[in-house]
Protein chains: 2
Amino acid sequence: MAHTALHDSLPDEAEAFTPRQQAVLECALKLLVEGGEKALTTAGLARSANCSKESLYKWFGDRDGLLAAVVSYQASKVHFASEGAATDAVTFRSHLTAFVHELLGVLTGETSLALNRLAIGQSNREDARLGRLLLLRGKYTISTRARALLEAGRFRGFLKFEDAEEAYQVLYGLAVRDQHIRQLLGDKPRTKDLDVDRQASLAVDRFYRLFGADAPLAGGGK
Amino acid sequence: MAHTALHDSLPDEAEAFTPRQQAVLECALKLLVEGGEKALTTAGLARSANCSKESLYKWFGDRDGLLAAVVSYQASKVHFASEGAATDAVTFRSHLTAFVHELLGVLTGETSLALNRLAIGQSNREDARLGRLLLLRGKYTISTRARALLEAGRFRGFLKFEDAEEAYQVLYGLAVRDQHIRQLLGDKPRTKDLDVDRQASLAVDRFYRLFGADAPLAGGGK
DNA sequence: TTCAATGTGTACCGTACCGTACGGTTCATG
DNA sequence: CATGAACCGTACGGTACGGTACACATTGAA
């Protein structure tokens, strides 16, 4: 594994960055977090990372390539712990809570917010390259992981639903609510919403009341 | 009704735009929707709206003022119908469903997406003027309206919760889920998610299962 | 030592855009 | 008709940034 990587599958191609390049990308992330897209100029990055603009263009092609590299690089650093199969209801629920906890932690992170702002800000034209990249490397992988977890729960009889994707979306909605968009817009979250532990367990509580095995009605019932 | 409007609350100050200025702002919105922030240049707007750059600067100060004016103008056009008090459970629920329907309709609109992208894209620096403006004119007013509606439902005995803000956020999460962020990133929604009617009634179903008067447990259990 | 490869630092060019200035036009008013 | 205000169209200055070219430093191998 982790050879030169045929680019048909997504994940580890991002690891094909030289340590030097990773250092530069790290510096780019820093600039991006503290100043936004406007602060990430080629000259500024070159100065800040002690490298030459020529190297930047040699490595990443052009500025868009640099931005894409930053997104790929950061995405490659986020890994959701894939816990072993849960045999009993209690540990499964704790796994699910841990997942939601991790999800909230990632979404509210400063670098995640900065990258989402970057990708959204230039998803206006119909190309939306960065947006698609972020969806692919971020949301889709997380969604896949979540669906697997939920389906395992259904198989074990802890959960009850028809469409795993829809169930995941509801879980996402219960956990994130409008906190993400508010933070993207620069709102400071209330102290109550900073208690990730509580928010995660609250969301799982409510999710079980909708999709738990003992819930009165199944998910999509007409 | 619909007279000059007393300016007791924040919103209608934005109506202080000359018809000519409104036409220009409408044109700016058009440019913004189809091309994003990059497409909204002062020269381009002047050419596209058949006005002079000098007028733009006279009216809006500078480019940031223009962007703020666009946001204010669009926000002033969105009005959530404030329905009369519902006396019976069925009509209240239909009012709630209508609210969610309207919420989804606004959020998925192209102009709303474009403005959110604009505000998010430049909410990187800690100033985030546009972000705050959008939060104030958009989310906060909607949230206020929603809380009033929910509290009316609680007063009538149709709903059961402690914190209206939290109940609203859950309703928002159930309705919007991750559709908004996906669309902001340029994702095309699935056909299933384009059925706003169904999504609204599904969200209200689930909301009632969590906060309905006959729900097994009240909101913030423990 | 010589040579090639890689990378840094800097200078430079073209372009895009913000903001302003100026001449010309319409229109209302006395 | 004269006058002034508002506005259009355009041209111009200033600047910031993307991208390229070039001179110099470092390293490693023959």
Side-chain angles (χ1 to χ4, degrees), chain A residues 4 16-71 73 114 117-119 121-125 127-130 133, chain B residues 16-71 73 114 117-119 121-122 124-125 127 129-130:
Chain A
T4 50
F17 286 133
T18 299
R20 178 77 179 112
Q21 293 172 359
Q22 293 190 23
V24 171
L25 291 176
E26 202 67 46
C27 193
L29 266 178
K30 183 159 172 262
L31 289 177
L32 210 54
V33 167
E34 61 192 28
E37 174 179 2
K38 288 286 298 180
L40 183 54
T41 65
T42 55
L45 176 59
R47 188 175 346 107
S48 177
N50 291 323
C51 73
S52 70
K53 288 175 65 174
E54 194 162 359
S55 299
L56 294 181
Y57 284 95
K58 185 188 202 70
W59 294 334
F60 307 113
D62 58 0
R63 186 171 186 271
D64 284 349
L66 171 64
L67 297 182
V70 171
V71 171
Y73 170 66
R117 291 198 188 102
L118 169 66
Q122 77 168 39
S123 285
N124 22 38
R125 299 173 58 180
D127 63 340
R129 283 183 50 221
L130 274 190
L133 188 59
Chain B
F17 285 133
T18 300
R20 177 75 180 118
Q21 293 171 358
Q22 292 189 25
V24 171
L25 291 177
E26 202 67 46
C27 194
L29 267 178
K30 184 160 171 266
L31 289 176
L32 210 53
V33 167
E34 60 193 27
E37 176 180 2
K38 289 285 299 181
L40 183 54
T41 65
T42 55
L45 176 59
R47 190 177 341 110
S48 177
N50 291 324
C51 75
S52 70
K53 288 175 64 173
E54 194 163 2
S55 299
L56 294 182
Y57 284 95
K58 185 189 201 69
W59 293 334
F60 308 113
D62 59 0
R63 187 171 185 269
D64 284 348
L66 171 63
L67 297 182
V70 171
V71 171
Y73 170 66
R117 290 197 188 103
L118 170 64
Q122 76 168 40
N124 21 37
R125 298 173 58 181
D127 63 341
R129 284 183 51 222
L130 275 189

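Rounded to whole angstrom, the span from the CG atom of A:Leu56 across to the C1' atom of C:dG9 amounts to 12 Å. As a whole-Å value, the separation of A:Lys58 NZ from C:dG7 P is 7 Å. Atoms CH2 (A:Trp59) and C1' (C:dG7) sit 7 Å apart, rounded to a whole Å. The distance from atom CZ of A:Arg20 to atom C1' of C:dG7 is 9 Å, rounded to the nearest whole Å.
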Identify each atom pair where a protein N or O and an N or O of nucleotides 17-22 of chain C are less than 3.5 Å apart, giving names and distance.
| unit_1 | atom_1 | unit_2 | atom_2 | d |
| --- | --- | --- | --- | --- |
| C:dC18 | OP1 | B:Arg63 | NE | 2.8 |
| C:dC18 | OP2 | B:Thr42 | N | 3.1 |
| C:dC18 | OP2 | B:Thr42 | OG1 | 2.9 |
| C:dG19 | OP2 | B:Tyr57 | OH | 3.3 |
| C:dG19 | OP2 | B:Arg63 | N | 2.9 |
| C:dG19 | N7 | B:Lys53 | NZ | 2.7 |
| C:dG19 | O6 | B:Lys53 | NZ | 2.7 |
| C:dC22 | N4 | B:Glu54 | OE1 | 2.2 |

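A close approach under 4.0 Å does not occur between any side-chain nitrogen or oxygen of B:Ser55 and OP1 or OP2 of D:dC7.
For the salt bridge (Lys or Arg N to Asp or Glu O under 4.0 Å) condition, the pairs that include at least one residue of residues 30-40 of chain A, sequence neighbours left out, are A:Glu37-A:Arg63. Within the structure, salt bridge (Lys or Arg N to Asp or Glu O under 4.0 Å) pairs that include any residue of residues 40-50 of chain A do not occur (at least two apart or interchain).
For B:Thr18 (side chain) and B:Gln21 (main-chain N/O), no donor-acceptor pair under 3.5 Å exists by modelled atom type.
Between A:Phe60 and A:Leu67, the closest side-chain pair of non-hydrogen atoms is not below 4.5 Å. Proximity of B:Leu118 to A:Asn124: side-chain heavy atoms (C-beta onward) are nowhere separated by under 4.5 Å. No side-chain heavy atom of B:Thr41 sits less than 4.5 Å from a side-chain heavy atom of B:Leu31.
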